Amino acid sequence: MSATHEQTTDAHAEPTEGAIGRSVTRKEDRRLLTGHGNYVSDLVLPRMRHVAFLRSPHGHASILDVDTSAVRADAVFTGTSSSFATTELRARSALKSYVETAQPPLARDKVRFVGEPVAAVVAGDRYRAEDALEQIRVDYDPLPATTLAWEPSGVPVHEEAPDNVLLEREFDAGDVDQAFERATVVVEREYITNRHAGNPMEGRAGVALWDRSEERLTYWSGTQIPHLVRNMLAELLGLPEGNVRVIAPDVGGGFGTKSILYPEDVALCLMAREMRGIPLKWVEDRAEHLQAAAHARDHRYLMKAGFTEDGELIALQADITCNIGAYSVYPWTAGIEPLMAGGLLTGPYKLANYRCTTRGVTTNTGYAGPYRGVARPATVFAMESVMNAAALELGTTAIELRRRNLIDSVPYRMPSRLVDDSGWYRECLDKALTLVGYEDFRTEQERRRDAGEHPIGLGVACYNELTGLGRAAAAGPRMPFRTGHDACTVRVEADGTVTVLSGVTSQGQGQETTIAQIVADAVGVRYEDVNVRIGDTNEALWGFGAFSSRQAVIGGGAAHLSGTAVQEQILQLVAALFETKADSLTVKDGTIYGLDGDPVMTLAEVARIAYLESNRLPKEIDPGLQATRFFDPILGAFSAGAQAAVIEFDRATGQMKILDWICVEDAGRIINPLVVNGQIAGSIAQGIGGAMYEHLIYDQSGNLATGSLMDYLMPTTYEIPELTIEHVSHHADNPLGVRGVGEGGTLGPNAVIAGAVSDALGLEITQLPVTPATVWEAMQ
């Protein structure tokens with residue numbers, strides 16, 4: 001986000017040696033900044049044709065007939081065409097309460113939300129394809145639509161779920177009822193959060209090419225999960241996985257919305273197979289994105305919290321309803337938001353007695369899926385708002401109440417059985433308050449009140465971000481997705497340069513840069529001599545993809561282990577050549593040194609022997625210098641964080657102006673300060689957008705009232721303030737000591753802005769977004 005001017009004064013950000021810890025020039029920047037990025041929309045293949053989708057104008061309706069007889073185009077497909085009639089996406093879960101439903105690539109008997117694809121046309125260009133859509137006649141029988149997940153429904157969205165509940169789970173720890181009996185203060189509130197769209201700069205896009213001679217599919221996709229897409233497409237198309245290649249080239253943003261296999265992806269590949277060798281291309285426009293890409297954060301929280309007289313949180317009871325839209329997204333299921341919400345609602349606070357019922361309810365709206373922060377911007381809003389309300393009733397400050405209850409000893413087992421390994425919440429909070437000038441702020445706040453000037457308020461939020469989710473952590477609260485390991489191959493070429501084939505994928509996070517920094521230090525070469533290749537399932541052995549702030553921890557861990565293994569091979573070879581011990585040698589900047597510090601050989605000379613002069617190789621050493629390693633962090637790593645902001649309010653209009661915004665996070669060991677701060681700044685900007693501007697609104701018939709950027713508001717550079725970003729760096733328990741940072745910034749803004757309203761005006765915000773209109777109405 002160019003509007004952010006993040007500042008960092010971390011004294012440990014720039015070490016003098018090695019690539020890790022330095023803000024090196026990003027490897028991606030040369031091509032991206034000079035307009036030479038290679039995106040799916042840039043791809044042109046011989047004989048390529050373009051696809052446009054006819055989308056449902058109804059929120060809920062039966063399909064009586066689809067007449068394509070008047071269509072003049074290369075081809076037209078409907079839900080009953082050939083392989084479409086037998087193909088459906090089914091997101092599966094082992095949770096006993098889960099109701100499995102089917103999603104056809106093109107709607108067959110029924111449409112369940114406005115924007116659902118009903119038919120597809122293939123033509124020479126997109127314009128002709130869209131013109132041909134107007135020649136299709138669909139006979140619909142409208143049905144009553146359900147748009148609010150916490151209100152009674154009429155006709156079920158799916159017959160398999162008469163009550164529209166696709167998933168429900170209870171979290172239960174301690175003795176909640178007995179704890180409430182001991183509570184001095186009990187706070188009960190209802191909180192409702194607003195529905196968002198991801199809105200990456202580049203929409204979804206795909207090019208499918210079928211090789212009919214070898215029965216192979218190549219799919220170029222702007223996806224965050226290329227290996228998972230390969231596996232899922234192979235299963236759906238009945239192909240060996242080796243016959244499916246997925247390539248994710250440069251991707252212009254994802255934020256989670258591109259970590260789904262969408263029906264349009266499957267439809268494109270099915271059509272390409274039917275077209276027998278003609279490549280097909282589809283690029284989403286903004287209206288399609290707002291209608292049919294994954295939404296998020298449409299939740300209701302019924303909260304009841306009990307506190308002792310001295311402010312200890314001793315009981316929390318919650319009932320969470322998440323609107324998961326019309327379908328259970330593939331492969332994440334309807335559990336993606338409700339399970340994360342229930343598992344992490346208690347956040348960074350100590351609590352022994354916890355009871356939470358969380359459910360995913362299907363409605364006639366766009367489906368909900370992964371989006372930066374997955375449920376936690378909503379849970380942090382609910383939890384922090386409860387802390388603010390309790391502080392008022394207890395007669396203490398919101399700051400002191402937080403300090404009283406923050407986790408301060410790790411590892412800490414949360415009520416959901418997740419293990420939090422970052423206990424630095426008080427340090428983050430105290431540093432944020434110092435940076436915002438807490439005492440001076442209170443003095444200025446009082447002066448303004450006495451002078452009748454525009455009031456100012458301070459909002460604060462503490463949060464924990466679960467990053468690098470390992471298999472054990474995922475199993476704890478039964479997270480609705482497969483996760484765990486990544487693989488990386490590191491190879492020294494014959495000229496001494498290093499090639500890395502990593503399972504990570506990038507949508508703007510600078511993965512080529514950070515993986516190169518990790519490998520450079522692990523092998524002992526210059527950063528400039530490392531070349532990283534990502535996003536191609538035919539090159540990298542395996543990677544689960546970009547989600548859950550996992551890639552620095554897991555993909556970086558695999559890169560470090562592979563690079564270390566290659567360095568060991570180098571040292572063993574040189575030791576054998578010079579009849580010395582490997583531990584008497586070191587590798588630095590591509591040169592091998594002896595104990596006396598004198599150079600022994602260059603890596604290029606070693607590589608030449610390993611590849612081209614095998615007659616010089618010792619008998620016990622194989623040719624080549626290459627290693628592949630997997631890494632699974634098992635438990636993952638939590639990141640601690642705190643945000644504080646000062647906001648000015650105009651009593652006459654409700655207008656808000658952000659005067660100062662502070663963020664302090666524990667990112668563990670920082671690989672690249674510029675990349676880390678960029679991720680935090682961008683996520684805060686996205687969080688502010690969700691808290692103050694962005695809101696997808698459906699009417700009672702299921703029509704999307706905010707279907708364009710004229711109606712769906714997004715922040716610009718003008719609305720995003722300068723940000724002060726600092727760190728407390730405590731190494732995590734993984735090979736690199738790193739913690740993820742991709743989502744933490746989004747977790748605070750809802751709570752921070754709502755808290756600032758309360759602090760300045762004495763108004764309690766229980767529903768998002770916080771707009772000038774809602775503030776003005778509350779003041780009346």
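Computed from a prediction, not measured in an experiment: that's the story for all the values here. Atoms considered below: every heavy atom in the structure, side chains included; atoms not considered: hydrogens, waters and symmetry mates.
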Is a side-chain donor or acceptor of [X] paired with a backbone partner of [Y] at a separation under 3.5 angstrom?
X      : Y      : value
Asn750 : Pro377 : yes
Glu539 : Asp536 : no
Thr513 : Lys27  : yes
Ser385 : Ala382 : no
Thr746 : Ser683 : no
Ser639 : Gly740 : yes
Ser416 : Gly343 : yes
Glu337 : Ala296 : no
Arg297 : Ala378 : no
Thr257 : Gly254 : yes

Examine the side chains of [X] and [Y] and answer whether a donor and an acceptor come within less than 3.5 Å of each other.
X      : Y      : answer
Glu722 : Trp661 : no
His299 : Tyr301 : yes
Glu284 : His289 : yes
Tyr463 : Glu665 : yes
His730 : Glu427 : yes
His36  : Thr34  : yes
Arg286 : Asn199 : yes
Tyr527 : Asp521 : no
Arg669 : Asn734 : no
Ser549 : Glu743 : yes

Nearest heavy-atom pair of [X] and [Y]: which atoms, and what distance?
X      : Y      : result
Val460 : Ala644 : CG2-CB, 4.2 Å
Ala667 : Val741 : CB-CG1, 3.4 Å
Ala552 : Val738 : O-CG2, 3.6 Å
Ala546 : Gln551 : CB-NE2, 3.4 Å
Tyr412 : Ile407 : CD2-CD1, 3.5 Å
Thr467 : Val553 : OG1-CG2, 4.1 Å

Would you compute the distance between atom [atom1] of [X] and atom [atom2] of [Y] and round it to the nearest 0.5 angstrom?
X      : Y      : atom1 : atom2 : result
Phe638 : Glu465 : CZ    : CD    : 10.0 Å
Gln224 : Phe544 : CD    : CZ    : 15.5 Å
Gln509 : Ile515 : CD    : CD1   : 11.0 Å
Ile725 : Ile684 : CD1   : CD1   : 5.0 Å
Ile399 : Cys462 : CD1   : SG    : 7.5 Å
Gln517 : Glu512 : CD    : CD    : 12.5 Å

Verdict with reasoning, Glu384 to Tyr349, per side chain to side chain donor-acceptor pair (under 3.5 Å): CA-CA 10 Å; Glu384 295 295 279; Tyr349 297 109; 2.5 Å; yes
Heavy-atom neighbours of Asp285 CG exceed 12 at 6.0 Å: yes
How about [X] and [Y]: do any of their side-chain heavy atoms sit closer than 4.5 Å?
X      : Y      : result
Gln511 : Val532 : no
Ile20  : Ile518 : yes
Val770 : Val757 : yes
Thr505 : Ile534 : no
Thr499 : Arg533 : yes
Pro226 : Ile247 : no
His196 : Tyr712 : yes
Met656 : Glu648 : no

Passing candidate, side-chain contact (heavy atoms from CB on, under 4.5 Å) with Tyr425, options Asp430, Val728, Asp420, Asp666: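 Only match with Tyr425 under side-chain contact (heavy atoms from CB on, under 4.5 Å): Asp420.
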Ring geometry between Tyr262 and Tyr367 (parallel below 30°, tilted from 30 to 60°, perpendicular above 60°): tilted
Six-ring centre of Phe631, Arg629 cation under 6.0 angstrom, axis tolerance 45°: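 No, cation not above the ring by the 6.0 Å, 45° rule.
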Ion pair check, Asp265 and Arg204, cut-off under 4.0 Å: no
Check ion pair Lys258-Glu202 (N to O, under 4.0 angstrom): yes
